[in-house]
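In what follows, every heavy atom counts, from backbone to side chain, and hydrogens, waters and symmetry copies are set aside. In what follows, every chain begins at residue 1, and chains take the letters A, B, ... in the order their sequences are listed.
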Amino acid sequence: MTITTVARLAEHDGETVTIRGWLQNRRSKGKIAFLLIRDGSGTVQCVALKKNFDEEFFDKLTSLPYESAVIVTGPAKADERAPGGVEMQVDSLEIVSVSEEYPISNQEHGPDFLLSNRHLWLRSSKQVAIMRIRDEVIRAIRDFFHERDFINVDSPIFTPNACEGTSELFEVQYTEDELAYLSQSGQLYNEAAAMAYGKVYCFGPTFRAEKSKTRRHLREFWMCEPEMAYADLEDVMDLSEDFLCYIAQRVVAHRKHELEVLERDISKLESIRKPFPRLSYEEATEKMREHGHEFEFGNDFGAPDETFVSSLYDSPVMVHRYPHEIKAFYMKRDPQDDRFALGVDVLAPEGYGEIIGGGQREDDLETLRARIQAHELPEEAFEWYLDLRRYGSVPHGGFGLGLERTVAWMCGIEHIREAIPFPRMLYRIYP
RNA sequence: UCCCCGGUAGCUCAGUGGCAGAGUAGGUGGCUGUUAACCACUUGGUCGUUGGUUCGAAUCCAACCCGGGGAGCCA
């Protein structure tokens, strides 16, 4: 007997096959029963006729609790009446396990309930679609960099000090008398790797102990950070642009079905093409003034400012050259105008906010050392980082992309928490 | 840390001072092409917690707990 999956059922039209899955829904109508079986690859309607079974078993079948595990064997056949166009006749059915009353129903549920049942919520068709898109984005990321001769060099998760010194850090007892912190960026290590291998990226979990409670924040999220030697801000912006276009095109090309399940407006993703608008901080603040949006020059963009700027365009927007005071110590100053740092943020359209932050790094030893002192950072902790400027320093730069924000944007979903299998949020760590 | 909103059946919610409700899920019965199937009947309650006001509190007041959205910060 051929064991197959729902996704491949159409390839077996007319053949008798076996599907192993779970009962998603059922509708019985006296002497005929419709069983919707999901197996993770999709859902298929299976039709069971009472005359083919003994009465006791058929009755059990028509009252089988949702999410009971079943193995169904029978002929697959195309049928217009079936959701999905293919259905199965049930010749035999093995009940692997009878489910207890399943808490998640077809109706709408609140976030508290769904998050407490995340381990079960993952089975819902929208969540399946989101996880498949997440998988596609992850593979697109790796393929993109592989095709461009970057190599994956992951940075450590335990770190001895803050990379940026701004955000809150998670502290862990590393040894009996030594503390460590969970990484909030792999960037400094990436710079070392870029000096070793030219073009690198790291891709892994990142931890921020900020007390953020918004639809755009997780305490544990995945970040992809490329870093290039012999690169300037323009190279970083070019790479960001190509990168986002590549991801969007891959999702549209390979995950159309999932986007439809999510009722995503696919035209919004198809229209992501380069070039993206590039605005300097100065130009962006002028735009705000022109449109009567109040903003004080010199401040960092708050969420409403970001939303305003990105609302002016249908595509992602790159805002570059921010006042150096509001950017990290390692950012290189703009040689054309010392007030600004060579950083860039990419704002996704449709209100998804900042998905990329990056820029060109300071490559001069003395300037960097002065910067570390000015930020009152412990210089000895950064000796290895300063070494990168002692031994063959070159212009270099890179950026960080937030995976879940990108996935949420691709999926058109409201909350970043659905873009990761088990979200870690403020005041919520179960399950 | 601050601001706003919420907590009533397994779930989604109605109920603003006077008998604790609906839909759905669950149960029982019916139905041979259903599409969140449908029809009939039915089980199901620490009204977040504690205290207060009142003849009487899910409802009014206070404190606390839990959750959600947002600010700041960030991807």
Figure out the [atom1]/[atom2] separation between [X] and [N], and round it to whole Å.
{"X": "Met88(A)", "N": "U34(B)", "atom1": "CE", "atom2": "P", "result": "21 Å"}
{"X": "Gln89(A)", "N": "U34(B)", "atom1": "CD", "atom2": "C1'", "result": "14 Å"}
{"X": "Phe170(A)", "N": "C73(B)", "atom1": "CZ", "atom2": "C1'", "result": "14 Å"}
{"X": "His109(A)", "N": "G10(B)", "atom1": "NE2", "atom2": "P", "result": "14 Å"}
{"X": "Ile104(A)", "N": "G26(B)", "atom1": "CD1", "atom2": "P", "result": "14 Å"}
{"X": "Lys327(A)", "N": "A75(B)", "atom1": "NZ", "atom2": "P", "result": "7 Å"}
{"X": "Met425(A)", "N": "G69(B)", "atom1": "CE", "atom2": "C1'", "result": "12 Å"}
{"X": "Lys31(A)", "N": "U34(B)", "atom1": "NZ", "atom2": "P", "result": "17 Å"}

What is the nucleic acid contact for [X], judged by heavy atoms within less than 4.0 Å: base, sugar-phosphate only, or nothing?
{"X": "Leu36(A)", "result": "nothing"}
{"X": "Arg219(A)", "result": "nothing"}
{"X": "Gly353(A)", "result": "nothing"}
{"X": "Leu403(A)", "result": "nothing"}
{"X": "Asp345(A)", "result": "nothing"}
{"X": "Thr206(A)", "result": "nothing"}
{"X": "Lys213(A)", "result": "base"}
{"X": "Ala303(A)", "result": "sugar-phosphate"}
{"X": "Gln45(A)", "result": "base"}
{"X": "Leu401(A)", "result": "nothing"}

Tell which nucleotide pairs with [N], taking only Watson-Crick or G-U wobble pairs whose two distances are both under 3.5 angstrom.
{"N": "A40(B)", "value": "U28(B)"}
{"N": "U46(B)", "value": "none"}
{"N": "C60(B)", "value": "G52(B)"}
{"N": "G67(B)", "value": "C5(B)"}
{"N": "G17(B)", "value": "none"}

Polar pair under 3.5 Å, donor/acceptor by atom type, side chain [X], base [N]:
{"X": "Ser212(A)", "N": "C73(B)", "value": "yes"}
{"X": "Arg216(A)", "N": "A75(B)", "value": "no"}
{"X": "Glu87(A)", "N": "G33(B)", "value": "yes"}
{"X": "Gln107(A)", "N": "C11(B)", "value": "yes"}

Out of [options], whichever nucleotide has its closest atom nearest the side chain of [X]:
{"X": "Phe113(A)", "options": "C11(B), A75(B), G72(B)", "result": "C11(B)"}
{"X": "Val47(A)", "options": "G33(B), A36(B), G72(B)", "result": "G33(B)"}
{"X": "Arg417(A)", "options": "A75(B), G69(B), C74(B)", "result": "G69(B)"}
{"X": "Pro304(A)", "options": "G72(B), G26(B), C31(B)", "result": "G72(B)"}
{"X": "Thr214(A)", "options": "A36(B), C74(B), G70(B)", "result": "G70(B)"}
{"X": "Asp79(A)", "options": "G26(B), G33(B), A75(B)", "result": "G33(B)"}
{"X": "Glu210(A)", "options": "C73(B), G67(B), U1(B)", "result": "C73(B)"}

Report yes if the side chains of Asp314(A) and Pro349(A) come closer than 4.5 Å at any heavy-atom pair, otherwise no. no

Leu239(A) versus Phe150(A): any side-chain heavy-atom pair under 4.5 Å?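 Of all side-chain heavy-atom pairs linking Phe150(A) with Leu239(A), at least one is under 4.5 Å.
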
Inter-nucleotide [atom1] distance ([N], [M]), Å rounded:
{"N": "G51(B)", "M": "U43(B)", "atom1": "C1'", "result": "35 Å"}
{"N": "U28(B)", "M": "U46(B)", "atom1": "P", "result": "24 Å"}
{"N": "U24(B)", "M": "C39(B)", "atom1": "P", "result": "8 Å"}
{"N": "A22(B)", "M": "C65(B)", "atom1": "C1'", "result": "29 Å"}
{"N": "A58(B)", "M": "U8(B)", "atom1": "C1'", "result": "7 Å"}
{"N": "G27(B)", "M": "C19(B)", "atom1": "C1'", "result": "26 Å"}
{"N": "G17(B)", "M": "C13(B)", "atom1": "P", "result": "23 Å"}
{"N": "U42(B)", "M": "A36(B)", "atom1": "C1'", "result": "22 Å"}

5'-most contact on RNA chain B (nearest-nucleotide basis), Leu64(A) vs Gly302(A), goes to Leu64(A)

Both Leu49(A) and Ser28(A) contact RNA chain B. Which one's nearest nucleotide lies toward the 5' end?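 Result: Leu49(A).
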
Give the ring-plane orientation class for Phe340(A) versus Phe297(A), where under 30° counts as parallel, over 60° as perpendicular and anything between as tilted.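 Ring orientation of Phe340(A) relative to Phe297(A): perpendicular.
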
If you apply the rule side chain to side chain contact (heavy atoms under 4.5 Å, CB included), what do you find for Tyr102(A) with Arg123(A), and how did you get there? CA-CA 12 Å; Tyr102(A) 193 61; Arg123(A) 305 177 182 192; 3.5 Å; yes

Hey, mind stepping through Arg278(A) and Glu234(A) against salt bridge (charged side-chain N to carboxylate O under 4.0 Å, His left out) and telling me if it holds? CA-CA 10 Å; Arg278(A) 297 184 184 196; Glu234(A) 299 308 307; 3.5 Å; yes

Tell me if the aromatic rings of Phe301(A) and Phe308(A) count as close, with their centers under 6.0 Å from one another. no

Near-ring test Phe144(A)/Tyr201(A), centroid separation under 6.0 angstrom: no

Side-chain N or O of [X] versus OP1/OP2 of [N]: is the shortest distance under 4.0 Å?
{"X": "Arg428(A)", "N": "C66(B)", "value": "no"}
{"X": "Arg215(A)", "N": "A75(B)", "value": "no"}
{"X": "His217(A)", "N": "G70(B)", "value": "no"}

Under-4.0 Å salt bridge between Glu282(A) and Arg321(A): no

Salt bridge flag under 4.0 Å for residues Glu350(A) and Arg264(A): yes

Looking at the angle O4'-C1'-N9-C4 for a purine or O4'-C1'-N1-C2 for a pyrimidine, is U12(B) syn or anti, with syn meaning within 90° of 0? anti

Measure across Asp154(A) and Phe203(A) and return the closest heavy-atom pair with its distance rounded to 0.1 Å. OD1-N, 3.0 Å

Would Phe221(A) count as stacking on A75(B) if stacking means ring centres less than 5.5 angstrom apart and planes tilted under 30 degrees? yes

